[in-house]
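Residue numbers start from 1 in every chain, and the chains themselves are labelled A, B, ... in the order their sequence lines are given, proteins ahead of strands. Remember, it's a predicted structure, so these values are computed and weren't measured experimentally.
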2 protein chains.
Amino acid sequence: MSNVEVQPLTESGTGEIVAPCCPPLTERPMSAEEASVAAPMFKALGDPVRLRLFSAVASHEGSEACVCDISDVGVSQPTVSHHLKKLKEAGLLTSERRGTWVYYRVAPSVMASMAQSFAAFGS
Amino acid sequence: MSNVEVQPLTESGTGEIVAPCCPPLTERPMSAEEASVAAPMFKALGDPVRLRLFSAVASHEGSEACVCDISDVGVSQPTVSHHLKKLKEAGLLTSERRGTWVYYRVAPSVMASMAQSFAAFGS
DNA sequence: TGTCTATGTTGACGTTCATCGAATCAGGTG
DNA sequence: CACCTGATTCGATGAACGTCAACATAGACA
């Protein structure tokens, strides 16, 4: 089981982003396929602990943080690891080991995609 | 039990938005209280059927639609009603009966709040 | 009044989830 | 080597969820 992670954005072979997964929510009714892609992202943020973990990573310097910096959310260490894995599987975070610590960072393309989902609401 | 619904945004008596429920996800780590308020909104959108229903309402003319216009999502009518109720409880939709039909519309302040959560990513 | 249509509600069923303790494993440091 | 950080696994439990069929309700219309 090599590093297999969900990639909610359609990317070309080179890793360049081609198009976000879904249009703005107000543009047109979402198709079943689009919804089945986008819903897991929202679902991943639908847990308070995961939302705090994600926010902790996103607000950390350089949009990355090691687990030791963000694991103070009131649940056990295996549970933290479990939630970080869920966020990774949803494509919202990526992880990288550097020396002793594992660093998590937000997946910027996904964030841009979600921002786009709620665009056209600030008008 | 009068129409009691979640109001994730703090509003003044006049209905003017004072402050969104939560800061941008990148601004600072979310507190437990903020997360417990914001997570249900994401959770409500974390189901494919609900996401499609919400998108159908949001993209409909005037940001409102009667159930008969959006209930073609492949599940039974009671299930549609159930999901619409969930979206209402999460504060994402409001409903109003006009004659025979019940119309749902998006709660604009909440949408603006979620858009703000993902702001500062386009920089 | 009765009947039809459009929705909401209820109860049930099976599934998924969040969480824990405890143990173990893997990689890195000293 | 011992020690640390973090991931993984296992079993277990209680809660929440998605779905449906059946029933109830509310308005429109005759």
Can you tell me if A/Ser71 uses its side chain to pair, donor with acceptor, with the backbone of A/Val67 under 3.5 Å?
-> yes
Straight-line distance of A/Arg52 CZ to B/Leu25 CG, nearest 0.5 Å = 13.0 Å
Take the protein atom CG of A/Leu84 and the nucleotide atom P of D/dT5, then report the distance between them rounded to whole Å.
-> 16 Å
Report yes if a side-chain nitrogen or oxygen of A/Arg97 is closer than 4.0 Å to either non-bridging phosphate oxygen (OP1 or OP2) of D/dT5; otherwise report no.
-> no
What are the atom names and distances for every N/O pair under 3.5 Å that joins the protein to nucleotides 2-4 of chain D?
none

What's the shortest heavy-atom distance between A/Pro23 and A/Gln116, and which atoms?
-> CA-NE2, 4.5 Å
Residues passing the side chain to side chain donor-acceptor pair (under 3.5 Å) test with A/Arg105, sequence neighbours excluded, are A/Glu64
Distance from A/Trp101 atom CH2 to A/Glu96 atom CD, nearest 0.5 Å?
-> 14.5 Å
Under 4.0 angstrom between B/Trp101 side-chain N/O and C/dT7 OP1 or OP2 | yes
Pairs of donor and acceptor atoms involving the side chains of residues 38-51 of chain A, under 3.5 Å and at least two apart or interchain, shall be tabulated with distances.
residue	atom	partner	partner atom	Å
A/Asp47	OD2	A/Val49	N	3.0
A/Asp47	OD2	A/Arg50	N	3.2
A/Arg50	NE	A/Ala44	O	2.7
A/Arg50	NH1	A/His83	ND1	3.1

Roughly, in whole Å, what's the span from CG in A/Leu93 to P in D/dA7?
-> 11 Å
Taking only side-chain nitrogens and oxygens of A/Lys86, does any of them come within less than 4.0 Å of OP1 or OP2 of C/dA18?
-> yes
Between D/dG18 (C1') and B/Leu51 (CG): distance, integer Å | 16 Å
Given atom NE2 of A/His83 and atom P of C/dT16, what is their separation to the nearest angstrom?
-> 18 Å
What are the residues of residues 66-78 of chain B, sorted by number, that bring a heavy atom to within less than 4.0 Å of DNA chain C?
-> B/Cys66, B/Val67, B/Cys68, B/Gln77, B/Pro78
Salt bridge (Lys or Arg N to Asp or Glu O under 4.0 Å) involving A/Arg97 - partner list, sequence neighbours excluded = none
Nearest-Å distance for atom pair CD/P, residues B/Glu89 and D/dC17 = 9 Å
Please check the phosphate of D/dT5 (OP1 and OP2 only) for any side-chain N or O of A/Tyr103 closer than 4.0 Å.
-> no
Under-4.0 Å side-chain N/O to phosphate OP1/OP2 contact, A/His82 with D/dT9 = no
Please assess A/His82 against A/Gln77 for the test side chain to side chain contact (heavy atoms under 4.5 Å, CB included), listing each intermediate value before the final yes or no.
-> CA-CA 8 Å; A/His82 163 74; A/Gln77 179 264 325; over 6 Å; no
OP1 or OP2 of C/dT19 under 4.0 Å from side-chain N/O of A/Thr79 = no
Contact class for B/Val80 vs. all strands (heavy atom < 4.0 Å): base, sugar-phosphate, or nothing?
-> nothing
At what distance, to the nearest 0.5 angstrom, does OG of B/Ser81 lie from CG of B/Leu84?
-> 6.5 Å
With rounding to the nearest 0.5 Å, note down the distance linking OH in A/Tyr104 to OG in A/Ser95.
-> 4.5 Å
OP1 or OP2 of D/dG18 less than 4.0 angstrom from a side-chain nitrogen or oxygen of B/Arg50, does that happen here?
-> yes
Just do the side chain to side chain contact (heavy atoms under 4.5 Å, CB included) check on A/Leu92 and A/Val106 with the steps written out, would you?
-> CA-CA 6 Å; A/Leu92 297 174; A/Val106 301; over 6 Å; no
side-chain N/O A/Tyr104 vs D/dA7 OP1/OP2, d < 4.0 Å = yes
Please state how far atom CZ in B/Arg52 lies from atom P in D/dG18, giving the value in whole angstrom units.
-> 16 Å
Nucleotide D/dA28, atom P - distance to CZ of B/Arg98 in whole Å | 13 Å
Rounded to the nearest Å, what distance is computed from the CG atom of residue A/Leu53 to the C1' atom of nucleotide D/dA7?
-> 15 Å
Per-helix bend value, the helix from C/dT1-D/dA30 to C/dG30-D/dC1, C1' rotation axes over five pairs per end, 10° rounding, shows 30°
Are B/Lys85 and C/dT7 close enough that a side-chain N or O sits under 4.0 Å from OP1 or OP2?
-> no
Short side-chain to backbone donor-acceptor contact, A/Ser55 and B/Thr26, under 3.5 Å = no
State whether a side-chain donor-acceptor pair under 3.5 Å links A/Lys88 with A/Thr94.
-> no
